[in-house]
2 protein chains.
Amino acid sequence: MTQIRTRLERGRGALGPALSLVHTGRAATRALLTAELGVTRATAGAVAAELEALGLIRVDTRPLGPSGAQGRPSHRLDVAPGGPVALAAQVHADGFRAALVGLGGEIVATAPGSMTVPADPAHVLGAVVEAGAALLRASGRVCIGAGLAVPSAVAEPEGTALNPLHLAWPAGAPVRQVFAEQILRVGILGPDGEPVPSFVGNDVNVAALAEHRHGAGRDAEHLLVVASGHRGVGGALVLGGRLHTGSAGLALEVGHLTVVPDGRPCHCGSRGCLDVEADPLAFLEAAGRTPGPEGSLLQQSRDLLREEYADPAVRAAAHVLIDRLGRGLAGLVNVLNPDRILLGGLHLHLFEADPEALRAVVADHSLWGRSGSVPLLACALDHNSLVGAAELAWQPVLDDPLAVLG
Amino acid sequence: MTQIRTRLERGRGALGPALSLVHTGRAATRALLTAELGVTRATAGAVAAELEALGLIRVDTRPLGPSGAQGRPSHRLDVAPGGPVALAAQVHADGFRAALVGLGGEIVATAPGSMTVPADPAHVLGAVVEAGAALLRASGRVCIGAGLAVPSAVAEPEGTALNPLHLAWPAGAPVRQVFAEQILRVGILGPDGEPVPSFVGNDVNVAALAEHRHGAGRDAEHLLVVASGHRGVGGALVLGGRLHTGSAGLALEVGHLTVVPDGRPCHCGSRGCLDVEADPLAFLEAAGRTPGPEGSLLQQSRDLLREEYADPAVRAAAHVLIDRLGRGLAGLVNVLNPDRILLGGLHLHLFEADPEALRAVVADHSLWGRSGSVPLLACALDHNSLVGAAELAWQPVLDDPLAVLG
DNA sequence: CTCACTTTGTGCCGACGCTAAACAAAATAG
DNA sequence: CTATTTTGTTTAGCGTCGGCACAAAGTGAG
């Protein structure tokens, strides 16, 4: 007398897409889920129930007050409070940062740290992972994976950092392997009791991912992000919701577009590259300032733009940099034809100093810019590299929740 | 008494992928189909039967002679002889060409034509479509769609030719609409009795598609194609088997990368662009030759390279162009990180004149070129733009054979 | 307040498209 | 000739989803 032999579960195939919709805030109700997934209400209901059973979302059946709309009101779909989190980590020139990031890109907890001695990767990443472990213990949450953002090109599939310029790490350091080893050593365990999977990405790349899902890049199909943090210029492209990192992870090395004919020499062997003509150091030099000892080059540049923009020298330097940046962006527009461009770091501040000037340079130097120009926007998320690192860890869950949490 | 109520057809979802495998020559037997699709033998058999019933493929059960392998020999899967064809058309500086292209990229019939007067689009495309209609009548084949390759950027989703430079057409000509109107006027009908669907693409873009499926680009995941036919330089990118044309069809406008600091002025407003520094006219000028009246600039350049390469001036000019081309390719490698690069037109001949020289320039100027360089190859298909135009028309059938032929 | 209407949520059934497994067929190897 | 290997086919069964009927929960008109 078999009682319940196999209850046929509906909506297995749509679990991942449904979770992605909740994650990016595009499905706040079952009715929206039905419309976005293109399935029947029955399937959408089963999907929501399954995600709730997995502890990922919460279905709030309470009435939401007068909505004004006709018909039976929808139940709200929220991220499950106290649900699983990803461990996010970031290393940069001045230190590191660990955080817990829940579904929806919400930063649950964060812990900064400094690197007094820019030591070897195992040392730094060990400290980051330990900070993350402390956050996890304090929160009592389940961890589904760990992501790390590094200021360097990351070669695929090896996961090595090719140019960790201002980290004093050796070129070609096996970052993914070291990170995984530290996860193993510290013992960050997932819901299955095994060490969580770990992921490493370039900081601008993962920041672009975060902006696409939770920030100023939402709903863009071809999102280009260009940013300059400390030294050099980084780029990223999100195509159809996925990072485009090229065949070996080395795409969007946008720092070596020529923007000044016969300009200053670049370490790549060429001259006048964006990398050396449009980063914070180039800006400070163009403004006739010598970099001071306190604050990063980015902070000094931002402060200069904010506080001394009335100074003609600063204003002129900003427009010189805007011109160089605009030429670089125009080259990228000609090759990639994005439907939106986000700017980060110094470029965000340059853009906000004179948005129309940058738009004009891009339009003038891109082939079809005058007919229909590309929307330029500023990055909108705090800590987008951290959130993006977490996106890497969340990705397997978004692709197939059952495989991870089933 | 219902006799055959609904015979449950197996393998509907895999029909398109299976047809693509036969189309690209990667599934010559049902056993290979089973392996490539990742389904059971039962499903693969049903898929093959369905495709045969649709008249697209032929299952050849005859023994193939001693194969040397153990076990029961596979039946061969061939393109169905006499099966449906796509109408392919190409317009270029000197004239036009129409062809019928079957599954597998095989050119079944072709008809050249000249444009004595570079007339308006409707005139030219009317003549092309009429030539295609004649081919269709003579062949007695079924037509599943029509594709057109034009030497101009094609804006999406409007389907307008933005810069039909050497066609004497107005910029912004509604090529897709005019082509569809001519298909309608001449009455090219599909299997359903309606006028066939029509498609328009840039010639280098569709050539890249053809090379990816039937030529030197097979199995590349990130394929970059750069070519120069008459004037200017065109590019294309095939990502995961699909053309990447950007958000508005305007990506891969590679002609405006700077390759000569303060070089000759370009119509884009900048200087030293690939477009004016690495096309056939630039090569003839670099070699000290004045373009003659007979033969296209490309033909004159090719003949010069083939017949007078011993001339030091020609040799030197070739290396000047190779240097400029290599710098441009290196810039693209930094941004796109392809796993293969194909060269067409003049660039093919320059590459074949001195392959190592071009490889060295690309490696020297790309950021990670010295560690692992990108394979450079020559385009391998005759008439790759024609075959590529047909690929546009075949695409709906490859995506869902039943929807088109069911 | 009641009734009509609109929209959302759920249970049941059947269809579709696949896998699994057993069997049949066609070759090679010894 | 028999054993083995690989391929092709048939049958049964199962998981997932759409369609449909019905229930539930609101708005709006009178």
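Residue numbers start from 1 in every chain, and the chains themselves are labelled A, B, ... in the order their sequence lines are given, proteins ahead of strands.
- Contact detail for A:I57 and A:A48: the closest heavy-atom pair is CD1-O, 3.8 Å.
- Put simply, the side chain of B:E211 gets close to the backbone of B:A216: a donor and an acceptor are under 3.5 Å apart.
- Residue-level contact check: A:A31 touches the backbone only, with heavy atoms under 4.0 Å from sugar-phosphate atoms and none from bases.
- Taking the side chain as every heavy atom from C-beta outward, B:L19 and B:L51 approach each other to under 4.5 Å.
- Nucleotides of DNA chain D nearest to A:G38 and B:L32 differ in position, and the one nearer the 5' end is that of B:L32.
- One can place CZ of B:R76 at 13 Å from P of D:dG8, the figure rounded to the nearest angstrom.
- Taking atom CZ on B:R12 and atom P on D:dG18, their separation rounds to 17 Å, with Å as the unit.
- Atom CD in B:E50 sits about 18 Å away from atom P in D:dG8, given to the nearest Å.
- Of the listed nucleotides (C:dT10, D:dT9, D:dG18), C:dT10 has the atom at the smallest distance from the side chain of A:R30.
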How does each nucleotide of nucleotides 24-30 of chain C score, in 5' to 3' order, for protein heavy atoms under 4.0 Å: base (B), sugar-phosphate only (S), or none (-)?
-> -BBSSS-

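- The aromatic rings of B:H23 and B:H214 sit perpendicular, their planes meeting at an angle over 60°, well past the 30° parallel limit.
- Regarding A:L402, its CG atom lies at a distance of 14 Å from the P atom of D:dG15, rounded to whole Å.
- The distance between atom CG of B:L15 and atom C1' of C:dC16, rounded to the nearest whole Å, is 13 Å.
- Residue contacts for A:A14: at a heavy-atom cut-off of 4.0 Å it reaches the sugar-phosphate backbone alone, with no base atom in range.
- Contact check, A:T43 against D:dG18: a side-chain N or O comes under 4.0 Å of OP1 or OP2.
- Separation of the A:H244 and B:H222 ring centroids falls under the 6.0 Å cut-off.
- We find that CG of B:L33 is positioned 12 Å from P of C:dC18, with the value rounded to whole Å.
- When distances are taken from the side chain of B:R10 to each of C:dC18, C:dG9, D:dT7, the shortest belongs to C:dC18.
- Backbone-only contact: B:S74 has heavy atoms under 4.0 Å from sugar-phosphate atoms and none from a base.
- Distance CZ/B:R62 to CZ/B:R76: 9.0 Å, rounded to 0.5 Å.
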Verdict with supporting geometry, B:E36 and B:R26, salt bridge (charged side-chain N to carboxylate O under 4.0 Å, His left out) = CA-CA 8 Å; B:E36 293 285 328; B:R26 282 177 294 177; 5.5 Å; no

